[in-house]
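The structure under discussion appears below in the form of structure tokens.
Naming convention: chains lettered A, B, ... in sequence-line order (proteins, then strands); numbering from 1 in each chain.
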2 protein chains.
Amino acid sequence: MKTELESDRDYSQQIAQTIRDAIVAGDLPVDGRLPSEAELAARFNVSRPTVREALKRLAAQNLIRTQRGATGGAFVNRLSFEQAQEHMVTTATLLLSMNRVDFETAVEARFALERACLPLACTRRTPSHLASLRAEIARQATAGLTDEEFCASDVAFHRALVEAAGNPVLSWHMAGAVEAMQPLMNMITYTARSRAQIVALHARLTYALAEGGLEDCYATMDALAAYTLELGGEIRARRQAKGRAGQGADP
Amino acid sequence: MKTELESDRDYSQQIAQTIRDAIVAGDLPVDGRLPSEAELAARFNVSRPTVREALKRLAAQNLIRTQRGATGGAFVNRLSFEQAQEHMVTTATLLLSMNRVDFETAVEARFALERACLPLACTRRTPSHLASLRAEIARQATAGLTDEEFCASDVAFHRALVEAAGNPVLSWHMAGAVEAMQPLMNMITYTARSRAQIVALHARLTYALAEGGLEDCYATMDALAAYTLELGGEIRARRQAKGRAGQGADP
DNA sequence: TAGCCTGATATGTCTGACATATAGGATTCG
DNA sequence: CGAATCCTATATGTCAGACATATCAGGCTA
């Protein structure tokens, strides 16, 4: 591992980059222990706080974990799909909100990706997957649900659908796409009528998945996408109204 | 913003979490300036190094940038698609390598997702997109390319293909899926014959995109996926051989 | 008016110290 | 002899104060 640092850039950033590269390259094995902060400080010829800042950067990316005590130190993390999903969701959420991504664009991407899971889900779905789907449908049909609860169950339904494809890499990608949409979906006000429509489509999708009609799966997914866009129309209208009244349209 | 901290957990982590929540919730506007380190230290009742560690955590996630000088400080970053893509690629790469994801699983996910871009790409591709695709094909056909160069061009081709779908959210997702595969693809040894085969499929895909045959696009993509799996077969064989000779099979 | 200079303010870094968690060995008691 | 307890070494977590350095703003000078 290189220990020389350029003098005109942040030391802590360079150190973090050096260690990160070592981890990515596989030079540091998973669960391996990094040298102690004092030793790293000596090796890079910087002070301990500087090393600590570098380590905190890595910790923020879930690349290492730290442990206090005699046998403590910084250890290389096995990046789990779960952790990565969490991270991906917050990143995706921020991306959508900070870049003022249209509802339409986000919905288009999300359903395009979800559509890609259908062929695999059709051949691999197990009874357990179908049970999860039906459980969420039942939940969505219960009366008295707030919009947020309905929306959360909707997300759970789609996550279960993605899980049915049986590919963890795919699931990871989709988690970001689906969950990041939740804040946008939460802006929708679900009437009893629209809920019934969505539940019906979910049920039809589940049926198609169970009884084996890929074409029907596609058609239902497309219908769901179209209906979501329709529901989202009011958001666009509201936003434009607000934009006109307030700070003007986007440049 | 809350300023009370639990005494039994890392202060720097709690502070980072507090500020992150504020950013995600939109309480801190993009390009807005955070209080100075000294002020944050006073507000949270901790020392400046502790605040700095918290800020470094946020900087590592591209949530803030810092600037020295009189008008300097920490500013909320507009999370750009580019930055997020970079981040996503390293995360995806680590996920694949650290979790020993099969070549098959990764390829399956990648082509499933890429397949999802085809309908959009078919209707939206511009002459400029097609030119990019053809440029990469030409590059791939040149003699004397190293395997890595060929592989890089392959990635560029697929990125251009995804771009043709004209959806930035989709592009962001796909960048992670496609680029993270590069280390795995680099393990393939491309013979002249396999290169010719790939170039031919790329050309056919580009033609289908240009002349408007979505079905042909799908078919070609599937052929490409199948051929990639075929090429990857040797990797699996090599890995199994190494596994048997060395540390044994996975538990 | 144009250019330079200086001070204020902020981050980047260093030094040294203390607090605290933890494992493992030494000690003591049943 | 065994088990519970204490002690100590080592590591991270935190603090305080200081200096170095980058940068802008405003005043000063030619």
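As a whole-Å value, the separation of B/L55 CG from C/dT13 C1' is 15 Å. Residue A/R33 contributes atom CZ, which lies 15 Å from atom P of C/dT22 at whole-angstrom precision. Regarding A/K56, its NZ atom lies at a distance of 17 Å from the P atom of C/dT13, rounded to whole Å. Taking atom CD1 on B/I64 and atom P on C/dA10, their separation rounds to 16 Å, with Å as the unit. Distance A/R52 CZ to C/dC14 C1': 15 Å, rounded to the nearest Å.
B/R159 and B/E163 are not joined by a salt bridge, as no carboxylate oxygen comes within less than 4.0 angstrom of a charged side-chain nitrogen. With respect to the salt-bridge test (charged N to carboxylate O, under 4.0 angstrom), the residues A/E37 and A/K56 do not qualify. The pair B/E53-B/R57 does not count as a salt bridge, with every side-chain nitrogen at least 4.0 angstrom from each carboxylate oxygen.
Along DNA chain C, the nucleotide nearest to A/Q67 and the one nearest to A/T50 differ in position, and the one closer to the 5' end is contacted by A/T50. Between A/G69 and B/G72, the residue anchored nearer the 5' end of DNA chain C, judged by the nucleotide with its closest heavy atom, is B/G72.
Remark: the A/R48 side chain and the C/dG16 base include no donor-acceptor N/O pair separated by less than 3.5 Å. Scanning atom types as modelled, no donor and acceptor separated by under 3.5 angstrom connect the side chain of A/R68 and the base of C/dT22.
Between the side chain of B/T105 and the main chain of B/V101, no donor-acceptor pair closer than 3.5 Å is present.
In 5' to 3' order, the nucleotides of DNA chain D bounding all contacts with chain A (an atom under 4.0 Å from a heavy atom) are D/dA9 to D/dT14.
A heavy-atom distance below 4.5 Å is found between the side chains of A/T228 and A/M185.
Classified by interplanar angle (parallel below 30°, tilted 30° to 60°, perpendicular above 60°), the ring pair B/Y190/B/F150 is tilted.
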